[in-house]
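First up is the structure itself, then whatever we jot down about it.
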Number of protein chains: 2
Amino acid sequence: MNWSGLPPLNSLRAFVAVAETGSYIKAGAVLNVTHAAVGQQVRTLEERLSVSLVVREGRGIRLTKEGMALARDLESGFSIIHRGVENLMESSVTHPVQLSTSPAFATEWLMPRIQDFQSKYPDIPLMLNPTSKVVELKPGGIEIAIRYQDKRKVTSPVTPVLISDMVVIAAPSLIGGQEINHPATLTGLPWLQELGTNEVTDWFSHRGVKLDRPLMISQMPGNLIMQAVRRGDGVTYTARAFFEAEIQSGEMKVLFSEPAFGIYYIVTSPGPLRASVKVFLNWLKEQSSIDSSSTLDS
Amino acid sequence: MNWSGLPPLNSLRAFVAVAETGSYIKAGAVLNVTHAAVGQQVRTLEERLSVSLVVREGRGIRLTKEGMALARDLESGFSIIHRGVENLMESSVTHPVQLSTSPAFATEWLMPRIQDFQSKYPDIPLMLNPTSKVVELKPGGIEIAIRYQDKRKVTSPVTPVLISDMVVIAAPSLIGGQEINHPATLTGLPWLQELGTNEVTDWFSHRGVKLDRPLMISQMPGNLIMQAVRRGDGVTYTARAFFEAEIQSGEMKVLFSEPAFGIYYIVTSPGPLRASVKVFLNWLKEQSSIDSSSTLDS
DNA sequence: TCTTATTTGTAAGAATATCTTTCATATGAA
DNA sequence: TTCATATGAAAGATATTCTTACAAATAAGA
């Protein structure tokens, strides 16, 4: 394309608006400018092309023969451009919001709330990718991820979704009558740990326990851990928020707790976010603040 | 057309240039701006559309899927616009220059010179409209007229083509041995006058002659008058320049003369002038100045 | 591995384009 | 004529767009 041959695009647009409306004032209204601005643009175009496009007629205007021919071409060109942009927006709207979280967070925090989102925004489809892997956020791929870090590791300011006590938790049936006074007491119990992580050994070292024999650790996806722990199959280290109800009711027992230690925060892909992604983000923050306030209430 | 839905046209153009060249630097070169300007425009577009169109890849860039789709549509839209503008310019170039002069001026001044124009600019066709009527200059119609006024009536500054003595002139054969001392002497001769004008009676009243009986006036187109006067069919009032050669050679005789009294000047249609019209105008002025200088020489 | 050349990314201020305001001019209708 | 309506023109205000200057990332070559 030889761009140097084209007159200023804004003047072409102004001229098309004049051709469509048949009036500078109406064209100005369509373009959200004054009649004078439209007139200047058209004059610029005429001078640039050295052709009269619009002539005054009585108290209105009329297009010249050349003006009509040009307007016809420009209209079809602009309408193709317009359609191209609209296609893009269209596909962008119906394209699902691509979200990645850990399996545990997905089942314990997100799933119970997701119905609320879908009832509020039935037109925005969601695509959830529950994985403990840290997936790369890039345009065209995952757009939002909710990541976990303990508070010691958070350096730059982040947007948290959930700040929770981190607890070592088990079903009372597993513990039985045992006295649990010290972390070291737990080395003999069966542990459940998220696939591909080292949460459990990290916790022991954080608590200063030196492991002299190997732990019994079953690795599995986070959502399965939650079920298994509830069944009494083992102990795990997780966010208190995921078991709040069971803790209250006594169905689950907290063995150790680190206050406000775990932070689930939002990460978004670089570049501009689609409108539907922004809507989801706002909803996420809203849910998060409801959480916090209800926590304050209790 | 709903213009409010369209992103800034300049940002669309920048994006197309990037899509075509595959690089900000090259796109900048094509658009005669810096790479930074292009980058800013593309970013503006992405933000406006809330879609990533271009992603960085290594030390270059790559279009996203959406970017490619949009670029395709935009390119076709812009190329239609481009073609529309080119069609217009094309037709504007080949369209003949529309010129109106009086028949006398056309035959006596313009025709002898027109060959020079056509040899210099063979691609610019001329359409000559020789008429004594004052035709309206309007876009799409006559673009240049050469008009006559005597110097008393010229008020606003004009662009003259020819400033000439105005003479009452006749062939020696018509006069014979008669002594012509006073304008009144001429009332008995046959006069030739441009159709639709009053030059002759105007001249008599200008010279203070009260006409007590009707003049013998034959009305005819200016070019025929010139021939008829040369044949000796009558007297006429015209520009000396039209008969310069015959006066020098004694073939025609000047009876009365008013120095630098007649002014032929250029009028152009309102609005912008086409390139070919401007070329013709420049040629006209050039011819005019050659005239003046040769007059000064003599 | 370290440098170098190349390209994109960012931000501040300069340059340019665009718009509004105001008044003037032209025209058709009452 | 006078009024209502529309375009035209010019000056100053506003907004956009661009350049400059530097930073960051990366691939190729020493």
Side-chain angles (χ1 to χ4, degrees), chain A residues 3-4 6-49 52-64 67 136-139 156 268-272, chain B residues 3-4 6-49 52-64 67 136-139 156 268-272:
Chain A
W3 296 106
S4 63
L6 267 191
L9 296 175
N10 291 337
S11 69
L12 292 175
R13 171 170 54 190
F15 172 66
V16 172
V18 168
E20 283 178 340
T21 60
S23 139
Y24 283 5
I25 291 186
K26 286 179 194 159
V30 167
L31 298 172
N32 281 315
V33 293
T34 59
H35 76 91
V38 175
Q40 287 172 47
Q41 292 283 17
V42 171
R43 192 145 17 96
T44 303
L45 179 61
E46 288 184 321
E47 273 158 21
R48 168 62 189 274
L49 298 176
S52 275
L53 301 169
V54 177
V55 287
R56 186 156 185 172
E57 188 173 69
R59 113 182 124 164
I61 55 170
R62 186 172 54 79
L63 296 195
T64 62
E136 190 194 355
L137 299 181
K138 61 184 171 187
S156 53
T268 59
S269 67
Chain B
W3 297 106
S4 63
L6 267 190
L9 295 175
N10 291 337
S11 69
L12 293 175
R13 171 170 54 191
F15 172 65
V16 172
V18 169
E20 282 177 341
T21 61
S23 138
Y24 282 3
I25 290 187
K26 287 179 193 160
V30 167
L31 297 173
N32 281 316
V33 293
T34 58
H35 74 91
V38 175
Q40 287 172 44
Q41 291 283 17
V42 171
R43 190 143 24 93
T44 303
L45 179 61
E46 289 184 321
E47 273 159 20
R48 168 61 190 275
L49 298 175
S52 275
L53 301 168
V54 177
V55 288
R56 186 156 185 173
E57 188 173 66
R59 97 182 139 172
I61 55 171
R62 185 173 55 79
L63 296 195
T64 62
E136 189 195 356
L137 299 181
K138 60 183 173 189
S156 51
T268 59
S269 67

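Since this is a predicted model, take the numbers as computed values, not measurements. Lettering follows sequence order; numbering is per chain, from 1.
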task = To the nearest Å, give me how far apart CZ (B:Arg48) and C1' (D:dT17) are.
result = 17 Å
ask   = With distance as the sole test, does A:Thr64 use its side chain to make a donor-acceptor pair with the main-chain N or O of A:Ser52 at under 3.5 Å?
value = yes
Protein-nucleotide distance (A:Tyr24, atom OH; C:dA24, atom P), rounded to Å = 21 Å
message = Please report the distance, rounded to the nearest Å, between CZ in A:Arg62 and P in D:dT7.
response = 14 Å
query = For the pair made of CD1 in A:Ile61 and P in D:dT5, what is the distance, rounded to whole Å?
reply = 18 Å
query = So B:Phe15 and B:Leu63, side chain to side chain contact (heavy atoms under 4.5 Å, CB included) or not? Walk me through it.
reply = CA-CA 10 Å; B:Phe15 172 65; B:Leu63 296 195; 4.0 Å; yes
N/O to N/O distances under 3.5 Å, protein versus nucleotides 19-25 of chain D:
from, atom 1, to, atom 2, distance (Å)
D:dT19, OP2, B:Thr34, N, 2.6
D:dT19, OP2, B:Thr34, OG1, 3.0
D:dT19, O4, B:Gln40, NE2, 2.8

request  = Using atom CD of B:Glu57 as one end and atom P of C:dG9 as the other, report the distance to the nearest whole Å.
outcome  = 12 Å
task = Indicate whether OP1 or OP2 belonging to D:dC18 is found under 4.0 Å from a side-chain N or O atom of B:Gln41.
result = yes
ask   = Are OP1 or OP2 of C:dT8 and a side-chain N or O of B:Ser23 less than 4.0 angstrom apart?
value = yes
key: side chain to side chain contact (heavy atoms under 4.5 Å, CB included) between B:Gln41 and B:Leu45, worked out   = CA-CA 6 Å; B:Gln41 291 283 17; B:Leu45 179 61; over 6 Å; no
key: Gap between atoms CG and C1', on A:Leu63 and D:dT7 respectively (whole Å)   = 15 Å
key: By side chain to side chain donor-acceptor pair (under 3.5 Å) - contacts of A:Arg59 (at least two apart)   = none
query = Is the distance from OP1 or OP2 of D:dT17 to the nearest side-chain N or O of B:Asn10 less than 4.0 Å?
reply = yes
task = Answer yes or no: is there a side-chain heavy-atom contact under 4.5 Å between B:Asn32 and A:Trp3?
result = no
inquiry  = Ignoring hydrogens, what is the shortest heavy-atom contact between A:Ser11 and A:Pro8? Give both atom names and the distance.
reply    = OG-O, 2.7 Å
remark   = A:Arg13 atom CZ is separated from C:dT18 atom P, nearest whole Å, by 10 Å
Rounded distance [0.5 Å steps], CD in A:Gln40 versus CG in A:Asn10 = 13.0 Å
ask   = Roughly, in whole Å, what's the span from NZ in A:Lys26 to P in D:dT5?
value = 13 Å
